[in-house]
Amino acid sequence: MAKEIVSRSENYSQWYNDLVVKADLAENSAVRGCMVIKPYGYAIWEKIQAQLDKMFKDTGHVNAYFPLFIPKSFFSKEASHVEGFAKECAVVTHYRLKNSPDGKGVIVDETAKLEEELIVRPTSETIIWNTYKGWIQSYRDLPILINQWANVVRWEMRTRLFLRTAEFLWQEGHTAHATSEEAIEETKKMLDIYAEFAENYMGIPVLKGRKSPNERFAGAIDTYCIEALMQDGKALQAGTSHFLGQNFAKAFDVKFLNQEGKLDFVWATSWGVSTRLMGALIMAHSDDNGLVLPPKLAPIQVVIIPIYKGKEQLGDVAVKAEEIKKELLKRGISVKYDDRDTHKPGFKFAEYELKGVPVRLALGQRDIENNTIEVARRDTLEKVTVPINDVVNYIATLLDEIQENIYKKAFDFRQKNTIEVNTWDQFLEAIEKGGFIAAHWDGTTETEEKIKELTKATIRCIPLDSGFEKGNCVYSGKSSDQRVIFARAY
RNA sequence: CGGGGUGUAGCGUAGUCCGGUCAGCGCGCCUGGUUUGGGACCAGGAGGUCGCAAGUUCGAAUCUUGCCACCCCGACCA
């Protein structure tokens, strides 16, 4: 199975597609816009889930599960929310099939029409706030800090594996608070968790910021996000955290008695990351040889490949390999010993490179004699031979080093591709090159939309950590107090 | 949803204009043997309602119509 992928320079999006399919992460399914996540891809997602889940729980959140279906009437209760999602909702109208009169298959039974149509959730705010109404009477019932791991459906026109699919997996946190301050604090706390996860586990540097009103979540007062830069210079929104104010509490009439005995509406947040993170992971680090996975999320961290001539040599090598495997496992490092005799070593080397396994060990007769082993790292493709007795320690350190190196590489790339511009001409030039553009913006939706129309660039975020700076809008010339980040985005 | 393109074995493709010895090739797959420090080699073998459905015709991968899927570009979006 000679699996070739097209190079990034030749065709970036083809490279991405090739990679997803050939590294066995996912494939298109029989259902338009929906993907099958294959075991290797799902294993990465499970690692993402496990870590995030731990971080959520460490900050006081608990998991629960709400229904896939949402009564249509719930949707119309929050005006901007409906408006935002109406165009991409799948709707269930019937609950029964019957045999077709012509004998060819089954048809919808028209007599089984639902009294009220059900929406397949594109997000769960409405069903959750309808539920919270029954749970909250007093400030003593607050806060509610719930997360759910679920699938959602958004009927997208154009889909791409992981980046945009009609059905996707995600987590959505939905919290309820007694005060605005507390809810805002929660919104920012979760944004910080996302950023920490992206940087420390995925190895992807992210910009934390706030969305412009135009890019805000439907129904939110404020949307915060983390934005990552991909190797082709396009931005990718990797996570969002919303301060919902009292919008949903008002829409679903969720009130509580505060300590002064006065009725008030509850304050809300919601926050989520999805399988889109897989797309970010792939595009941030991988190269023309295939995936490059950060050790902390790699399903297999180390692969051992035996090199041998004849069965008796394999025996010697196998003993040593199993020994090393056991030692690595003891250290909590995941290992695969690949002794398939149906493929040659060179084939396996290429295969594990394609799959992004961070460290590869090659062990042969020559090594047994010299008490050495060959260690190859995926991120730099460097190979070294180390004494076999040191290999476990060596690998433990190396995995950390790879994790760091991957992040550093991505960080340097972002630095190199983030540019401050002050004139419209500079802006036009910069946007063609790709990357993040820090420019002044007059704060109006009209300007934002005009820029989008002219350049396809959108405001990715208004960075949280960049300070006040007097300047003039790059497009309109009107005065501005802060630079914002523009980019073309996924 | 609009514009463009593609659909032939698991994958990549030739053939389609000009209907009839056109169902071929490469990779992969299976069996046996030799191999094994960067994608092995030899020999033999299996596998296809030519995307689906109607139609034209003595005859359709090839012509007509409709549908479906995928890719690229736009509008939408995590």
Side-chain angles (χ1 to χ4, degrees), chain A residues 1-6 11-14 16-18 21-22 27-35 83-89 104 122-123 151-172 194 211 214-218 223 225-228 235-242 270-280 289-290 305-311 313-314 317 339-354 360-370 372-374 376 381 383 385 449 452-453 456 458 489-490:
Chain A
M1 23 181 204
K3 289 180 177 169
E4 299 290 335
I5 55 176
V6 80
N11 185 341
Y12 190 86
S13 61
Q14 185 64 43
Y16 174 83
N17 291 340
D18 281 0
V21 171
K22 292 187 174 159
E27 64 187 36
N28 280 308
S29 71
V31 186
R32 180 200 192 103
C34 296
M35 64 179 162
E83 204 190 319
F85 287 106
K87 301 182 297 285
E88 48 188 31
C89 285
K104 292 180 192 161
T123 178
N151 59 337
V152 287
V153 169
R154 295 180 187 176
W155 215 260
E156 299 291 347
M157 292 162 188
R158 268 183 76 193
T159 59
R160 287 191 73 190
L161 293 170
F162 290 119
L163 296 173
R164 189 178 302 112
T165 46
E167 179 192 19
F168 57 94
L169 305 184
W170 77 345
Q171 59 65 219
E172 45 180 328
Y194 288 155
K211 284 292 185 191
N214 204 32
E215 298 268 329
R216 226 176 249 157
F217 174 75
T223 287
C225 63
I226 51 170
E227 289 286 328
L236 187 133
Q237 180 176 307
T240 50
S241 183
H242 316 290
S270 69
W271 28 273
V273 297
S274 72
T275 35
R276 186 179 233 205
L277 287 180
M278 296 283 296
N289 294 317
I305 295 171
I307 316 272
Y308 57 94
K309 292 188 173 69
K311 289 273 149 55
Q313 275 196 10
L314 177 60
V317 170
D339 63 349
R340 285 176 299 171
D341 192 40
T342 49
H343 298 277
K344 298 212 350 168
F347 177 91
K348 295 176 186 175
F349 291 177
E351 186 176 41
Y352 291 108
E353 265 162 27
L354 180 60
R360 180 189 73 225
L361 303 178
L363 184 65
Q365 190 64 33
R366 208 164 69 204
D367 296 300
I368 303 281
E369 279 158 19
N370 301 334
T372 58
I373 189 163
E374 185 189 85
L381 298 171
K383 289 192 274 199
T385 299
E449 282 182 340
K452 184 178 177 184
E453 185 192 318
K456 292 181 207 149
T458 51
Y490 275 99

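As the structure is a prediction and not an experimental result, all values here were calculated from the model. Note on naming: letters A, B, ... go to the chains in the order of the sequence lines (proteins, then strands), and numbering restarts at 1 for each one.
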ask   = Can you list the steps and then say if A:R340 with A:E351 is a salt bridge (charged side-chain N to carboxylate O under 4.0 Å, His left out)?
value = CA-CA 13 Å; A:R340 285 176 299 171; A:E351 186 176 41; 2.9 Å; yes
Scan every strand shown for a Watson-Crick or G-U wobble partner of [N], both distances under 3.5 Å, and answer none if you come up empty.
N: B:rC1; value: B:rG74
N: B:rC17; value: none
N: B:rG28; value: none
N: B:rC63; value: B:rG55
N: B:rC41; value: B:rG33
N: B:rA23; value: none

Roughly how many Å apart are [M] and [N], using the [atom1] atom of each and rounding to a whole number?
N: B:rU21; M: B:rG59; atom1: C1'; value: 14 Å
N: B:rG45; M: B:rC58; atom1: P; value: 41 Å
N: B:rA23; M: B:rA60; atom1: P; value: 13 Å
N: B:rU62; M: B:rG3; atom1: C1'; value: 27 Å
N: B:rG4; M: B:rU13; atom1: P; value: 22 Å
N: B:rG55; M: B:rC76; atom1: C1'; value: 39 Å
N: B:rC52; M: B:rC1; atom1: C1'; value: 23 Å
N: B:rA43; M: B:rG51; atom1: P; value: 33 Å

Of the options [options], whose atoms approach the side-chain atoms of [X] most closely?
X: A:F168; options: B:rA78, B:rG39, B:rU35; answer: B:rA78
X: A:N28; options: B:rG38, B:rG37, B:rC71; answer: B:rC71
X: A:E351; options: B:rG38, B:rU36, B:rG39; answer: B:rG39
X: A:H343; options: B:rA78, B:rC29, B:rG39; answer: B:rC29

Counting any heavy atom closer than 4.0 Å, what does [X] reach on the DNA or RNA strands: base, sugar-phosphate only, or nothing?
X: A:G279; answer: nothing
X: A:Q313; answer: nothing
X: A:T165; answer: base
X: A:F217; answer: nothing

request  = Just say parallel, tilted or perpendicular for the rings of A:F217 and A:H242, cut-offs at 30° and 60°.
outcome  =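 Because their plane-to-plane angle is under 30°, the rings of A:F217 and A:H242 count as parallel.
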Rounded off to whole Å, could you give me the [atom1]-to-[atom2] distance for the [X] and [N] pair?
X: A:R360; N: B:rG37; atom1: CZ; atom2: P; value: 12 Å
X: A:F347; N: B:rC27; atom1: CZ; atom2: P; value: 15 Å
X: A:E27; N: B:rA69; atom1: CD; atom2: P; value: 17 Å

Within the sub-3.5 Å range, which N or O atoms of nucleotides 72-77 of chain B have a protein N or O partner, and how far apart are they?
{"unit_1": "B:rC73", "atom_1": "OP2", "unit_2": "A:R158", "atom_2": "NH2", "d": "2.9"}
{"unit_1": "B:rG74", "atom_1": "OP1", "unit_2": "A:K456", "atom_2": "NZ", "d": "2.9"}
{"unit_1": "B:rC76", "atom_1": "OP2", "unit_2": "A:K452", "atom_2": "NZ", "d": "3.4"}
{"unit_1": "B:rC76", "atom_1": "O2", "unit_2": "A:E156", "atom_2": "OE1", "d": "3.4"}
{"unit_1": "B:rC77", "atom_1": "O2'", "unit_2": "A:E156", "atom_2": "OE2", "d": "3.2"}
{"unit_1": "B:rC77", "atom_1": "O2", "unit_2": "A:R164", "atom_2": "NE", "d": "2.1"}
{"unit_1": "B:rC77", "atom_1": "O2", "unit_2": "A:R164", "atom_2": "NH2", "d": "3.0"}
{"unit_1": "B:rC77", "atom_1": "N3", "unit_2": "A:R164", "atom_2": "NE", "d": "3.2"}
{"unit_1": "B:rC77", "atom_1": "N3", "unit_2": "A:R164", "atom_2": "NH2", "d": "2.4"}

query = Do the numbers put A:R276 on top of the ring of A:F168, so that NZ or CZ is under 6.0 Å from the six-membered ring centre and no more than 45° off the axis?
reply =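 Because its charged atom misses either the 6.0 Å distance or the 45° angle limit, A:R276 does not stack over A:F168.
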message = Is it the case that the side chains of A:Y308 and A:D339 hold a donor-acceptor pair, with the cut-off being a distance below 3.5 Å and no angle test?
response =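 No donor-acceptor contact under 3.5 Å links the two side chains.
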ask   = Can you tell me if CH2 on A:W155 sees more than 12 non-hydrogen neighbours from other groups inside 6.0 Å?
value =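 No, because the 6.0 Å sphere around CH2 of A:W155 holds 12 heavy atoms or fewer from other groups.
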inquiry  = Counting only heavy atoms from other residues, nucleotides and ligands, does the tally under 6.0 Å from CD of A:E83 exceed 12?
reply    =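 At most 12 heavy atoms, drawn from other residues, nucleotides or ligands, come within 6.0 Å of this atom.
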request  = Indicate yes or no for a side-chain donor-acceptor contact from A:T223 to the backbone of A:K211 under 3.5 Å, with no hydrogens or angles considered.
outcome  =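 Here the side-chain-to-backbone pair does not exist.
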message = Can a donor-acceptor pair be found, under 3.5 Å and without considering hydrogens, that links the side chain of A:R154 to the backbone of A:E88?
response =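 No, the answer is negative, given that no donor and acceptor are paired below the 3.5 Å cut-off.
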inquiry  = Please determine whether any donor N or O and acceptor N or O are separated by less than 3.5 Å between the side chain of A:K383 and the base of B:rG38.
reply    =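 Check passes, donor-acceptor contact within cut-off.
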message = Just to verify, which of A:I226, A:L163, A:L277 counts as forming a side-chain contact (heavy atoms from CB on, under 4.5 Å) with A:L236?
response =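 In the set A:I226, A:L163, A:L277, the residue that makes a side-chain contact (heavy atoms from CB on, under 4.5 Å) with A:L236 is A:L163.
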